[in-house]
Each structure stands twice: as structure tokens, then as C-alpha cells.
Number of protein chains: 2
Amino acid sequence: MLDDRKKKILASVVEDYITSAEPVGSKTIADKYNLEYSPATIRNEMKLLEESGYLEQPHVSSGRIPSSKGYRYYVDNLMISKKLSMLDINYINNSITGYGNTEDLFEQVADTVSKILDRPTILTMKNEDVLESIKILKISDKILLVIIMSENGTIKDVIAKLTDTIPDDSVRELSKLLNTNLQGTPIEKLYNALSSIISKELKVYSSVLEKICEGIKYEISGENKLISSNNLESILNLPEFSDIEKAKNFINMLSTKNAVDTVIDKIQNKELGIVIGSENEEIMLKDYSIISLNIANDDGYIGKISVVSPKRLDYSKTVSTLKYINDKVKNIFSKDK
Amino acid sequence: MLDDRKKKILASVVEDYITSAEPVGSKTIADKYNLEYSPATIRNEMKLLEESGYLEQPHVSSGRIPSSKGYRYYVDNLMISKKLSMLDINYINNSITGYGNTEDLFEQVADTVSKILDRPTILTMKNEDVLESIKILKISDKILLVIIMSENGTIKDVIAKLTDTIPDDSVRELSKLLNTNLQGTPIEKLYNALSSIISKELKVYSSVLEKICEGIKYEISGENKLISSNNLESILNLPEFSDIEKAKNFINMLSTKNAVDTVIDKIQNKELGIVIGSENEEIMLKDYSIISLNIANDDGYIGKISVVSPKRLDYSKTVSTLKYINDKVKNIFSKDK
DNA sequence: TATTAGCAGTCAATCAAACAGAGTGCTAAA
DNA sequence: TTTAGCACTCTGTTTGATTGACTGCTAATA
């Protein structure tokens, strides 16, 4: 347990470093943050903080920077939750309108978070959803519109271009058959379910169904749909990326996404998960933090918004923003009911 | 007009520089490309080529690099069109399947081009298309699916979540009204047209129509839809971007897009447009080239695929790839008919 | 006359040495 | 227990010297 003075010093180091990105020296702290201690005292304390792993020293004659453990202590014990500025609140309210389907909403959310926090934002939508019903609409002789409705209220649709014309009767019959066969199927397994049906029971319609299948495969792409929305230019301006190799690594990490995905997947039980730097198992991620918020509607878990950043970031603002947005999203969902 | 020897030397400089990214010296050319001239002769010729503006010398004791004029001469007169490798051809054939609507197809095309050429690729879809008909389908008490079909065969749909329930009769009537009022409207003006109708003629349905309108605004976002698909990590590996400022500029240029858009818009009359470096009016683009291919189906112009790159790039491969893909796309369109 | 060999000259890139500045740890005094 | 003072360490920047690639020019050669 840290004593009061150490806490104050640690908090000052973290907060100064978050904005300056430069190692923080004892004099800076004594001057800027009106602590009642002399630089020498602060130096002694900083040394102790380093020895117990909360601070690091890039080299012997430099100031200190927070370690992952230091950030963790700050986040858990010292951080004061900031209120969002009116500017940010207005921006959020204007850009998250709640129009469209769940996917549209998630995209809006990702864009907004990314803009406000200036960090790449990854969206995970879980499809634990099951099929409620399928409607088939004949748009023209050779074109069908297949509408897929899930119990959660998500609506997706697929356009199937046929090779031959199809009579109205068949469309009606097909619609019935699909509904009786597929109702209750988990959305993410729809493609597989449909494929196996084609070969077994519904051979008559196989050519039509294959077209529909193709569409479903394309539109409902598997389990976790990940969208990364970002504002790369401003991120590359972070001093962390003045070394172009680091910048490339970061971009690479984001686009292969595997490592990040694993971390995000593990964050389950809590509403808000924060994984800081070396807390990540993957070494690749040792300098980065991931902050992830679970989104739920009344029926339960729907997905996550996750922010990926160098571990030097404004944790307080990030958390406030995510929480505010979570409320907003919950609100939209409850209105829909 | 350049004599034969100058042509050979210019071609060698361009081709060597394209792969090496290092200024090319007289000895390199004499050794690697089996030209029958001594380094001294080549030196003299290179000096003349520089004086007439085809080559540039970064500093007095370095080799030469092609100027924009040099690339232009190469592209117009010297370039031998390369055949695509089997690898590339297979990749293209596998990834451009032609499934889905025009927009899906365009996305496939952009991804493919971007992968093969390792460059950001921008897609422009022109909506000169006009409305053929609108269908409205009632999905549940409070949810309508509005299907918008254009004469070009593109189908879009919008989900409108209503605040109140709507009777079946009204849906039918609304559908009729919209069709008579909007048929023939250019797709890109649909939103405006609908908005003005709401206030004038169809006041009874205004609350429903506003919801639909909202959706249309969101889904059919204006005139030119631009999608940029890219593979940023590998692009940042280009030696052009070893200076991080250049990298940021490039990314910035791509995301603001204004400058690039203007160039692309101007390329109209030809099937294939190549604008090299300083040929661009915008100074921002003086080190970049844009290669843009017009795509048409039987009814005419549909859109463009444009590749943006530092002006050092494999023009021959780029052109071959775009042409091959153009054929592929034309093929898909004619099959659809 | 056209080409080429040879050589002096230029410049970028690299490396080491010198120097300034920021910040520490330790000691001794308050 | 806290603080002032000082020697020390390390980074970052500047300066100068060195190396190497390549040119332009001159004079010799085919």
C-alpha cells in the first residue's frame, strides 16, 4: 500500500506524462503540481516508487515514466473521473442518432469514439442472435430479396440474382419451407444450416437456394464482425510514433488484429475492461493498452467497443466517454422496444 | 524527339529506378542493361537528357532519377506492356466473383487491385442512375422495408422504424403515391425530392416519410460514393515514406481526399487516365501519380477505379492489371443482362 | 567525328569527438 | 525527516573528418 505522499507523486507523474509524453523530473513535479515537498524529497520518493515497480527510468539521468503497474495503480486508485466537456457531449449527441439497424448504430458509435478520443476503435458484434423469420420478396423475374429477421430485432437482407425465372407459387412455398426448417437457428450458423439443407431436403430449389446461400455467406460473415474505424493521420502524430518502425508495427497490429482480438475476447465478466501494457500476454502488445466496453440491451450482451492505444493515454477521459456512450446506446435500445 | 540511344538509356533509368528507388548511375546502366556504350557515353547522354528535362539529379554527385516528364515519355513511348503473372490472374479470378450488387462488386474490385498493386485504391461510383420504382414492405407493425430500384438495376433498401403503427392500406397507398411522384428522379436527388414532397403534398404521411427520408439520406449518400481500400502497412514500407512526415502527408491526403478527387473527376474522355507527378495542378500531389480507369457497362459510364501512388511505380503492371480487371468487370455486367 | 579512359571535384552518408543540458543519487547540514 | 548542494551520468546536438559513389571535363583513341 502506498502512503499519501507517494500517491500524490505517482498521480502527478502519470498525469504529466500523459500530456507531455516526456519523462517527468522531480523539479517539474515540485513546480507544476503544488506539492509541498522539495525536489529532493520527491526524488527520494520517486526512487522508492521505481524500486517497487510503479515508475521506470528510461536511462539513469532522465526523469521517470509510469510503468504498466504504475498506470494500473493510477487507474484503480488515483484516477478522478473527469466530466466530458459540453463540446464532446454535443458532438456525441449529434453523431449518434440511432437511425438504422444495429450494425449502423455500431458504426456510428465507432466513428464517434474514434473522433473524440483520437484513437482507433474496434467494434465487436456478437451474433448470439437466432433467426426469427425469413421473408422472400420477388423483385423481378430473376431477382429475389431475402429478408432475415432475428429475435434481437436486427434485420439483414440479401439480394439473390437467379439464373432462371421463378414462379410466384414457388417463392411462397420456398418461403414456408425455409421458415419451418430454419427458425431458431443461430444467425452465425445460418450459412452452414442452409447449405446442409440444400443437399438433403430441398433439392428442387437447389439452384435458387445456392444463390441465396452465397449472399448470406457474404452478408453475415461469421461469428464476430469486427469493424475498425480510425483516424490514422492524427494517431501517427503521437510522439510514440515518431519512430516510423513503431508506427508500422501499430498499423500492422491493427490490420492483422489477431493479437488484439484475443485480448478483447477475454474481457467478458465486467462492463468495462482495461488491459494495460505488459498486462497483455502477447509481447507485441506490451506498449499498448486496450479499453473495452461491453454493450448490452435488455436481452443481454450484444457487443463491445474497444479502444486501442499506446499505453500512454488519458484513461479518465476514455472511461468517461465510453460510459457516456454506453448510456446513450442503452437508451436507444430501450426506446426501440 | 529522342534518338534511339537516348530512348534506351531513359528506359533503363526509369526501369531501374522503379525497382531500386535509388538514383541510377552511368555505370549501373552500362553493367546491368547490356547497352553497348561505355559509362562515359551514357554520362554524356544522361546530361543531355537532364538538360531537356527528362531526368533529374538530386545532387551534383548522384545518379539520375526520372522527372515527371521522363515518366510521361516512358509511359507514352517506351513502356512495354507486361503480361500479368499466372499468380495474379488466379488471384483476380478468385477474388472478383461478381456476386451481389454493383456496390459489392466495386468493393471486391478495389480490394483486389489494392492487394495486387500494393497501393491505395479509390473507387468512384457515379449515380447518374434514375429511380425505376419503390416498393414498401411491412415487416412488422412498426417497421417498414423500403426497396429502391434504379433503372441501372441497382437495388438498395432502407429500413424505417416508425413511432406509430401503420395500417396495411396506408402502406399500399403510400407506395403508389411515392411511385407516381418520384419515378424518374435521379437517385442522387432522391433525398431532396422526397423532402420537398413531404412538406407539400403528402402531409398526411409526413411522420412516416421522415423516417424513410432519414434512411435514404444515410444509405444513398450523395453524388459520388468514394471508397478507399488499402493496405497501408505495406505502403508505408516504400522507401518514399522512410521520412515519417511524408507518410503522414500521404495518409492525410488520402483521407481528406479533396485534391485526389479533383484529379479523378477531371479524367473523363479516355478509358485510362494517367496523371504523373507535377502534371497534377495541386502542388500537394506533385510527387504522386494517379492512374484511373473508367468502367462502363453496355449503358455507359458507371464509375472509376483509381490507384494513388508515389510517382515511382510500375506503370506497366498497373496498366495491365487495370485493363484485365476492366475486361473482367465488363464480362460480369454482360452476363447479368 | 564519335567514343572512351582517366582524373579531379562534389556531395551525401557515416562516424567519432566535443559540448550542453536535464536530471539523478548521495552526502551532509538543517 | 527534510532539504540544499554537488558530482556524476546519459542523451541529443553540433562539428569535423573520412569514405564512397558518381559526375563533368579533358585528352587520347578508333
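Lettering follows sequence order; numbering is per chain, from 1.
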**Message:** Strictly distance-based, threshold 3.5 Å: is any side-chain N or O of Asp31(B) a donor or acceptor partner for the main-chain N or O of Thr28(B)?
**Reply:** no
**Request:** Would you check if the side chain of Ser52(B) reaches a backbone N or O of Leu48(B) as a donor-acceptor pair within less than 3.5 Å?
**Result:** yes
**Item:** Sole residue of Ser68(B), Ser289(B), Ser278(B) in side-chain hydrogen bond (donor to acceptor under 3.5 Å, both in side chains) with Lys311(B)
**Value:** Ser68(B)
For [X], which residues count as a side chain to side chain contact (heavy atoms under 4.5 Å, CB included) partner, sequence neighbours excluded?
{"X": "Ser62(A)", "answer": "Pro23(A), Gln57(A), Pro58(A), His59(A)"}
{"X": "Lys83(B)", "answer": "none"}
{"X": "Lys82(A)", "answer": "Asp314(A), Ser316(A), Ser320(A)"}

**Closest heavy-atom pair and its distance - Gly70(A), Leu10(A)** = O-CD2, 4.2 Å
Are [X] and [Y] within salt-bridge range, i.e. N to O under 4.0 Å?
{"X": "Asp3(A)", "Y": "Lys6(A)", "result": "yes"}
{"X": "Asp111(B)", "Y": "Lys115(B)", "result": "no"}
{"X": "Lys246(B)", "Y": "Glu240(B)", "result": "no"}
{"X": "Asp88(A)", "Y": "Lys317(A)", "result": "yes"}

Just the table, please: protein N/O against nucleotides 16-18 of chain C N/O, every pair under 3.5 Å.
none

**Item:** All side chain to side chain donor-acceptor pair (under 3.5 Å) counterparts of Ser234(A), not counting sequence neighbours
**Value:** Asp118(A)
Calculate the interatomic distance between [X] atom [atom1] and [N] atom [atom2]; express it in whole Å.
{"X": "Leu55(A)", "N": "dT24(C)", "atom1": "CG", "atom2": "C1'", "answer": "14 Å"}
{"X": "Glu45(B)", "N": "dA2(C)", "atom1": "CD", "atom2": "C1'", "answer": "11 Å"}
{"X": "Tyr37(A)", "N": "dA4(D)", "atom1": "OH", "atom2": "P", "answer": "15 Å"}
{"X": "Glu51(B)", "N": "dC25(D)", "atom1": "CD", "atom2": "C1'", "answer": "14 Å"}
{"X": "Leu48(B)", "N": "dC25(D)", "atom1": "CG", "atom2": "P", "answer": "11 Å"}
{"X": "Ile42(B)", "N": "dA5(C)", "atom1": "CD1", "atom2": "C1'", "answer": "14 Å"}

**Asked** Just by protein heavy atoms under 4.0 Å, how would nucleotides 25-30 of chain C read 5' to 3' in B, S and -?
**Response** BS----
**Message:** Check for me whether the distance between the ring centres of Tyr315(B) and Tyr71(B) falls short of 6.0 Å.
**Reply:** yes
**Asked** For DNA chain C, which residues in residues 5-30 of chain B have a heavy atom at a distance below 4.0 Å?
**Response** Arg5(B)
**Message:** Counting only heavy atoms and a strict 4.0 angstrom limit, can you tell me which residues of residues 238-249 of chain A come near DNA chain C?
**Reply:** none
**Item:** Sequence-distant partners of Phe250(B), ring pair (Phe, Tyr, Trp, His ring centres under 6.0 Å), two or more places apart
**Value:** Phe241(B), Tyr288(B)
Check nucleotides 11-20 of chain D against the protein and report each pair of N or O atoms closer than 3.5 Å, with its distance, or say if there are none.
none

**Request:** Quick one: stems involving DNA chain C, counted as three or more successive Watson-Crick or G-U pairs, both distances short of 3.5 Å.
**Result:** C:1-30 with D:1-30
**Request:** Kindly indicate, with the supporting measurements, whether the criterion side chain to side chain contact (heavy atoms under 4.5 Å, CB included) is fulfilled by Ile290(A) and Val307(A).
**Result:** CA-CA 6 Å; Ile290(A) 294 169; Val307(A) 175; over 6 Å; no
**Asked** So, Asn326(B) and Glu271(B): side-chain donor and acceptor under 3.5 Å apart, yes or no?
**Response** yes
**Fill in**
Contacts satisfying salt bridge (Lys or Arg N to Asp or Glu O under 4.0 Å) that involve residues 56-74 of chain A (not counting sequence neighbours) are Glu50(A)-Arg64(A), Arg72(A)-Asp76(A), Arg72(A)-Glu279(A)
**Item:** Evaluation steps, side chain to side chain contact (heavy atoms under 4.5 Å, CB included), between Ile65(A) and Leu55(A)
**Value:** CA-CA 6 Å; Ile65(A) 62 178; Leu55(A) 294 179; over 6 Å; no
